[in-house]
There are 2 protein chains.
Amino acid sequence: MTALVSAAVEMPAGKPYALLALANDGGIGMDLEMLRQHVPMHRCKHAAGQGIYHAGQPFQAIYLVHAGSYKTCELAEDGREQVTGFRMRGDLIGVESIGLKTYSCDVIALEDSEAWELPYPAVLRACLHVPDVQARITEALAAEVRNGRSWMLMFGTLAAERRVAAFLLEVAARYARLGYSARHFILRMSRIDMASFLALKHETVSRALSRLDDLNYINVQRREVRVLDVDGLRSMAGVAVN
Amino acid sequence: MTALVSAAVEMPAGKPYALLALANDGGIGMDLEMLRQHVPMHRCKHAAGQGIYHAGQPFQAIYLVHAGSYKTCELAEDGREQVTGFRMRGDLIGVESIGLKTYSCDVIALEDSEAWELPYPAVLRACLHVPDVQARITEALAAEVRNGRSWMLMFGTLAAERRVAAFLLEVAARYARLGYSARHFILRMSRIDMASFLALKHETVSRALSRLDDLNYINVQRREVRVLDVDGLRSMAGVAVN
DNA sequence: CGAGGGATTGAAGAGTGTCAAAGAGAGTGG
DNA sequence: CCACTCTCTTTGACACTCTTCAATCCCTCG
């Protein structure tokens with residue numbers, strides 16, 4: 001059973017990709033090979049739970065997720081913690097710290113994952129030699145700002161259940177964009193991480209998922225999700241059903 | 001009384017400034033005069049309630065707030081609405097829409113205000129001729145991403161009262177950065193806008209302010225705020241008091 | 001096989017939201 | 001200049017969602 005599921009949703013990490021995508025805002029086209037000529041890319045593997053970088057460490061590079069998935073975490077002085085996003089294949093990590101001496105957040109692998117390290121000085125040099133690199137980064141950052149604001153809209157206007165529905169639709173859309181099934185997938189993050197991101201408690205998330213299951217909008221068993229009624233989810237998330 | 005207050009907190013809009021600051025992340029230094037040589041800046045006045053631009057209109061320019069204040073609003077397909085930020089003198093507006101054909105949100109004046117329009121094609125040209133312009137915009141965008149994430153941390157981890165306390169401290173800090181009093185200021189936005197931004201209802205914001213008043217952390221009368229106990233506010237907002 | 005973390009579910013309580021009413025200012029028109 | 005209107009704000013009472021605390025179950029990993 002578990003093996004079957006894995007086969008159905010496993011990511012073909014070896015498949016080459018030519019898009020540099022960021023967050024949830026569609027692919028940002030850039031010729032990876034051209035970039036590679038100017039920027040030495042180091043492959044970095046991370047075990048589940050391991051960090052790419054932590055807040056306070058010197059900012060030296062940005063990262064491109066190659067396989068697996070990561071969470072970004074914001075930390076407060078008094079110990080409060082907040083998951084601010086999840087990154088998967090094609091997402092850029094670390095751009096939020098551009099302009100700072102040190103990284104502003106933590107990035108932690110949710111599973112065994114791999115990211116490519118792009119030393120920032122080399123990226124800056126590439127901006128001068130490779131057309132569009134600078135513009136792409138700018139647009140990617142703008143997309144990330146928009147992304148954050150659309151999550152604000154969700155937090156501010158949707159109740160718990162609807163928030164969870166919106167989250168599932170977003171996850172499904174991201175899988176679809178990567179070429180995987182939007183109808184059947186495995187959540188990479190724990191209920192606790194999901195709850196933190198959604199500004200809820202993990203029990204509330206669990207209950208919301210159970211209720212979506214009861215409504216036959218989805219079928220959920222621990223981290224495995226099957227979407228049964230996309231329109232039901234959409235109307236719940238406040239998205240036009242057409 | 002009202003006149004006295006106005007005098008105490010009025011903004012000397014005529015005072016020239018040499019910093020291009022964005023959002024809440026400190027000033028981004030840039031030589032405005034040098035920029036002006038390459039970018040024609042049109043002064044745009046907006047009456048209270050009037051919009052600079054609305055979601056869906058063609059993206060043609062970014063704006064630099066010169067006087068007054070604005071709110072940015074995100075809109076959902078089903079009519080839900082969310083205030084995502086407040087902008088004041090020195091803040092850049094419109095950068096979130098870079099890379100799009102149309103603006104992604106609404107920007108509305110909270111009072112009679114003035115913004116300088118910077119046509120985006122001219123800004124792009126300036127990037128080629130004026131050193132650092134591109135880098136400044138990139139860093140400003142990165143700062144905006146960080147800013148959004150720190151608000152996420154606040155939403156996700158602070159209860160209503162503490163959220164309001166954090167908001168007041170942030171407003172105070174912004175006034176201080178502009179050279180005004182951090183101890184005595186006028187909120188430019190309605191309780192409803194404040195509540196939307198904080199993901200609360202306006203009655204809850206009103207009650208939270210009343211309670212902060214009862215605790216003698218602040219003194220509030222409609223939109224006029226006096227900060228009496230900064231440390232009290234800070235500890236409530238989860239910020240180190242030292 | 002046991003240990004431990006993650007997930008689910010229940011019951012009770014706190015914190016916000018909702019609904020309603022009333023007061024205070026600002027702006028308008030007579 | 002004053003009365004009037006309208007919006008914004010405040011406050012109360014009550015309802016309800018979400019959180020808290022707790023117990024149980026399940027899966028994974030050593």
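Chain letters run A, B, ... following the sequence lines, proteins first and then strands; every chain starts at 1.
- A salt bridge links B:Arg174 and B:Asp91; the closest N-O separation between the charged side-chain nitrogens and carboxylate oxygens is under 4.0 Å.
- Under the salt bridge (Lys or Arg N to Asp or Glu O under 4.0 Å) criterion, B:Arg207 pairs with no residue at all, not counting sequence neighbours.
- Between the P atom of C:dG23 and the CD atom of B:Gln221 lies a distance of 18 Å, rounded to the nearest Å.
- Take A:Arg211 and apply the salt bridge (Lys or Arg N to Asp or Glu O under 4.0 Å) test, not counting sequence neighbours, and it matches A:Glu161.
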Find every protein N or O atom lying less than 3.5 Å from an N or O atom of nucleotides 5-8 of chain D, and list the pairs.
none

Enumerate all atom pairs, one protein N or O and one N or O from nucleotides 19-22 of chain C, separated by less than 3.5 Å.
residue : atom : partner  : partner atom : Å
C:dC19  : N4   : B:Glu203 : OE2          : 3.2

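- Take A:Asp229 and apply the side chain to side chain donor-acceptor pair (under 3.5 Å) test, not counting sequence neighbours, and it matches no residue.
- Taking the salt bridge (Lys or Arg N to Asp or Glu O under 4.0 Å) definition, one finds that A:Lys201 meets it with nothing, sequence neighbours left out.
- Remark: B:His202 engages no residue in a side chain to side chain donor-acceptor pair (under 3.5 Å) (not counting sequence neighbours).
- Taking a pair as Watson-Crick or G-U with both hydrogen-bonding distances under 3.5 Å, the stems of three or more pairs touching DNA chain C are C:1-30 with D:1-30.
- D:dT28 atom C1' lies 16 Å from atom CD of A:Glu111, rounded to whole Å.
- When the P atom of D:dT19 is taken as reference, atom CZ of B:Phe155 falls 16 Å away, rounded to whole Å.
- Spacing between atom CG of A:Leu187 and atom C1' of D:dC27 amounts to 16 Å, rounded to whole angstrom units.
- Between the side chains of B:Ser69 and B:Glu111, at least one donor-acceptor pair of N or O atoms lies under 3.5 Å.
- Residue contacts shown for A:Leu200 are limited to sugar-phosphate atoms, with no base heavy atom under 4.0 Å away.
- Checked against a 6.0 Å centroid threshold, the rings of B:Tyr63 and B:Tyr70 do not count as neighbours.
- Counting only heavy atoms from C-beta outward, the side chains of A:Val145 and B:Val95 never approach each other to under 4.5 Å.
- Taken residue by residue, residues 159-168 of chain A places heavy atoms nearer than 4.0 Å to DNA chain D at A:Ala159, A:Ala160.
- Nucleotide C:dA14 holds its C1' atom 13 Å from the NZ atom of A:Lys201, rounded to whole Å.
- In this structure, B:Arg222 does not pair ionically with B:Glu224, as no charged nitrogen and carboxylate oxygen lie closer than 4.0 Å.
- Listed by residue number, the members of residues 212-219 of chain A with any heavy atom below 4.0 angstrom from DNA chain C form an empty set.
- Residues of residues 70-81 of chain B that place a heavy atom closer than 4.0 Å to DNA chain C do not occur.
- Qualifying salt bridge (Lys or Arg N to Asp or Glu O under 4.0 Å) partners for B:Arg149, counting only residues two or more places apart in sequence or in other chains: A:Glu96, A:Glu144.
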